[in-house]
There are 2 protein chains.
Amino acid sequence: MYSEPMMALSRQDHVPGEIGSGEGLASVFRRQAEERFEPGAALFWEGDVAAHLFQIIEGVLRVYKIIGDGRRVITGFLYPGDLVGLSQRRCYLYTAEAVTRVKLRRVTRNRFDEEVNGSPTLRPELFARLSDEMEAAQDQMVLLARKSAEERVASFLLAIARRASAHLDGQPLIDLPMTRLDMADYLGLTIETVSRIMTRLTSRGVIAASGRHAIVVRQPLKLEILAGEGDDGAHDPIAVAYSRQAVWPH
Amino acid sequence: MYSEPMMALSRQDHVPGEIGSGEGLASVFRRQAEERFEPGAALFWEGDVAAHLFQIIEGVLRVYKIIGDGRRVITGFLYPGDLVGLSQRRCYLYTAEAVTRVKLRRVTRNRFDEEVNGSPTLRPELFARLSDEMEAAQDQMVLLARKSAEERVASFLLAIARRASAHLDGQPLIDLPMTRLDMADYLGLTIETVSRIMTRLTSRGVIAASGRHAIVVRQPLKLEILAGEGDDGAHDPIAVAYSRQAVWPH
DNA sequence: CGCCTAATTGAACTTGTTCAAGAACTGTGG
DNA sequence: CCACAGTTCTTGAACAAGTTCAATTAGGCG
């Protein structure tokens, strides 16, 4: 339901710029210098010593693992406000790479641990983020284990659209900064299948393409049905919350 | 690599009965009465108000979600020592059900939160468990997104075998308490595919069946290769640690 | 404006699913 | 202790969804 990855720790209700109750963790990074990464540049690689934590200010990141013969699995895309690099292990368990140009701040692991562990405000916030990511991971497992290609793509577009609408850019144009290969590696499909389904959704009028990296969702309700949220979710408090709030102007 | 589910929070090095550095969380449950669940009985359902947390003493649990038309995804199997029901939400996000006869203890969420949040020993332990589960979730995503049916089944058997060997029951007989349907719903396959692959592994001599709910791993190295740990993992500290330690008497 | 990469589209193929029997285990009761 | 019943598991054959391989097209950026 969410596209946030594991260990990426974003609150679903996060709105960049809002320094509200849920955004205390940003204070840990506030004094750090701003860094910049160009598209394709890696923040760190799987196996690197996990010395730092990062918070994204601007741009989008992909986080992935590679197995044996080069198969890649993107475990998540990270957006402004998200934390990157949280781990109890000595080394990072995945690679983090810029999709777009990215601005971020970093702190050392020690510094982060001290500040968060010492603060009765920050601790529960971190834990809440972890829980949200756990939930996102479970949803992704459901998607990968049991959803059809069309349901996967629909779910993905829906998650991105919801995130965008939560960020109050009232415009209906949804940005898809990642490539088709990124989408495929996130959804456990091939590039060709993703492409075919995007085409099909477009020709059915569910979405409209605006170049290759932006779409308009023309039929949100239909997209929800295609995503496999048809029957179920009646007793799922999150799904209910979502369907009650007017995500788009229907 | 591990079969622990999300929010199930077991430390990989956990050994039941060992009251060592990593097992302080058991103390939270120690005074509670022991409860018993028969096979098939649910501890709680997805959507129930999340009032309690549980720690398993004995037996195996499955944790799952259902989507729309009845498709089921098992997000994990839980073993003695594991915690069940950790969530920041008002309601449980999944159903937890006994596979075998299960003994466990429960505490209220409030009680758990107080005790853990008040203890500088317990807090990092809980966080470490969360991180382990996050790692397990990522591995499961890799499995579901990019591994073949044979790799999935091999990975699963390997994880179970490693868990068993870590629990120092030196016997080579590995218990598989769950049904083929459970395995299928965990691995994103059908019952028939799981069955065919188990048969194939047996006829190739990689494993030997002992009834339907126990196997002997006859060729651990071959199983590792089939699981897709062939090339990669050279710079993966965990994989390296595993392959260095003699998990079985080769 | 033109090149180069990314995306689309088509056709053949593969893997795993579905549907349909049949066999084997488990647990119960005689 | 054995037989029976019910379920779970196995096996086979047809099928389908998604992949693979191979061009072709289209965007985007210089």
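Letters go in sequence order (proteins before strands), and every chain restarts at 1. Note that the structure is predicted; figures quoted are calculated from it, not measured.
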**Q** Considering only nitrogen or oxygen atoms on both sides, find all protein atoms under 3.5 Å from nucleotides 18-20 of chain C and state each distance.
**A**
from	atom 1	to	atom 2	distance (Å)
C:dT18	O4	B:Arg196	NH2	2.8
C:dC19	N4	B:Glu192	OE2	3.0

**Q** Whole-Å distance between D:dA17 P and A:Arg200 CZ?
**A**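 From A:Arg200 CZ to D:dA17 P: 9 Å.
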**Q** Measure NE2/B:His213 against P/C:dT26 and give the value in whole Å, please.
**A**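 Checked: the NE2 to P distance equals 6 Å.
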**Q** Regarding B:Asp182 and B:Arg72, does a basic nitrogen lie under 4.0 Å from an acidic carboxylate oxygen?
**A**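 Result for this pair is yes, salt bridge flagged.
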**Q** Counting any heavy atom closer than 4.0 Å, what does B:Ser195 reach on the DNA or RNA strands: base, sugar-phosphate only, or nothing?
**A**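 Base, at least one base heavy atom under 4.0 Å.
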**Q** Less than 4.0 angstrom from a charged side-chain N to a carboxylate O is my criterion; do A:Lys103 and A:Glu35 meet it?
**A** no
**Q** How close or far is atom P of D:dT10 from atom CE of B:Met183, stated in whole angstroms?
**A**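 So the CE-P distance, B:Met183 to D:dT10, works out to 9 Å.
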**Q** Is there a side-chain contact between B:Leu189 and B:Met183, using heavy atoms and a 4.5 Å cut-off?
**A** no
**Q** If you count every heavy atom of other residues, nucleotides or ligands that lies below 6.0 Å from A:Arg71 atom CZ, does the total exceed 12?
**A** yes
**Q** Quick one: which of C:dA24, C:dA7, D:dG18 gets closest to the side chain of B:Arg212?
**A** C:dA24
**Q** On DNA chain D, check which nucleotide each of A:Leu189 and B:Ile191 is closest to and give me the residue with the more 5' one.
**A**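 It is B:Ile191 whose nearest nucleotide is closer to the 5' end.
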**Q** Please list all pairs meeting side chain to side chain donor-acceptor pair (under 3.5 Å) that have one or both residues in residues 201-215 of chain A, counting only residues at least two apart or in different chains.
**A** A:Glu150-A:Arg204
**Q** Just how far, in rounded Å, is P of D:dG18 from CG of A:Asp185?
**A** 17 Å
**Q** Around atom CZ of B:Arg101, are there more than 12 heavy atoms from other residues, nucleotides or ligands closer than 6.0 Å?
**A** no
**Q** Relative to the ring of A:Tyr94, is the ring of A:Phe44 parallel (under 30°), tilted (30 to 60°) or perpendicular (over 60°)?
**A** tilted
**Q** For the pair made of CD in A:Glu38 and P in D:dC29, what is the distance, rounded to whole Å?
**A**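 Checked: the CD to P distance equals 13 Å.
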**Q** Take atom CG of B:Asp182 and atom C1' of D:dT8, then tell me their distance rounded to the nearest Å.
**A** 12 Å
**Q** For a 4.5 angstrom cut-off between non-hydrogen side-chain atoms, does A:Lys65 reach B:Asp139?
**A** yes
**Q** Choose from D:dT11, C:dA7, D:dG18 the nucleotide whose nearest atom is closest to any side-chain atom of B:Thr199.
**A**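 Looking only at heavy atoms from C-beta outward on B:Thr199, the closest nucleotide is D:dT11.
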**Q** Is the closest side-chain heavy-atom distance between B:Ile67 and A:Lys147 below 4.5 Å?
**A**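 Sidechains of A:Lys147 and B:Ile67: in contact.
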**Q** Calculate the interatomic distance between B:Arg152 atom CZ and C:dT15 atom P; express it in whole Å.
**A**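 Atom CZ in B:Arg152 sits about 14 Å away from atom P in C:dT15.
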**Q** Please state how far atom CE in B:Met178 lies from atom P in D:dT8, giving the value in whole angstrom units.
**A**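 From B:Met178 CE to D:dT8 P: 15 Å.
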**Q** How large an angle, rounded to 10°, do the end axes of the helix from C:dC1-D:dG30 to C:dG30-D:dC1 enclose when each is built from five base pairs?
**A** 50°
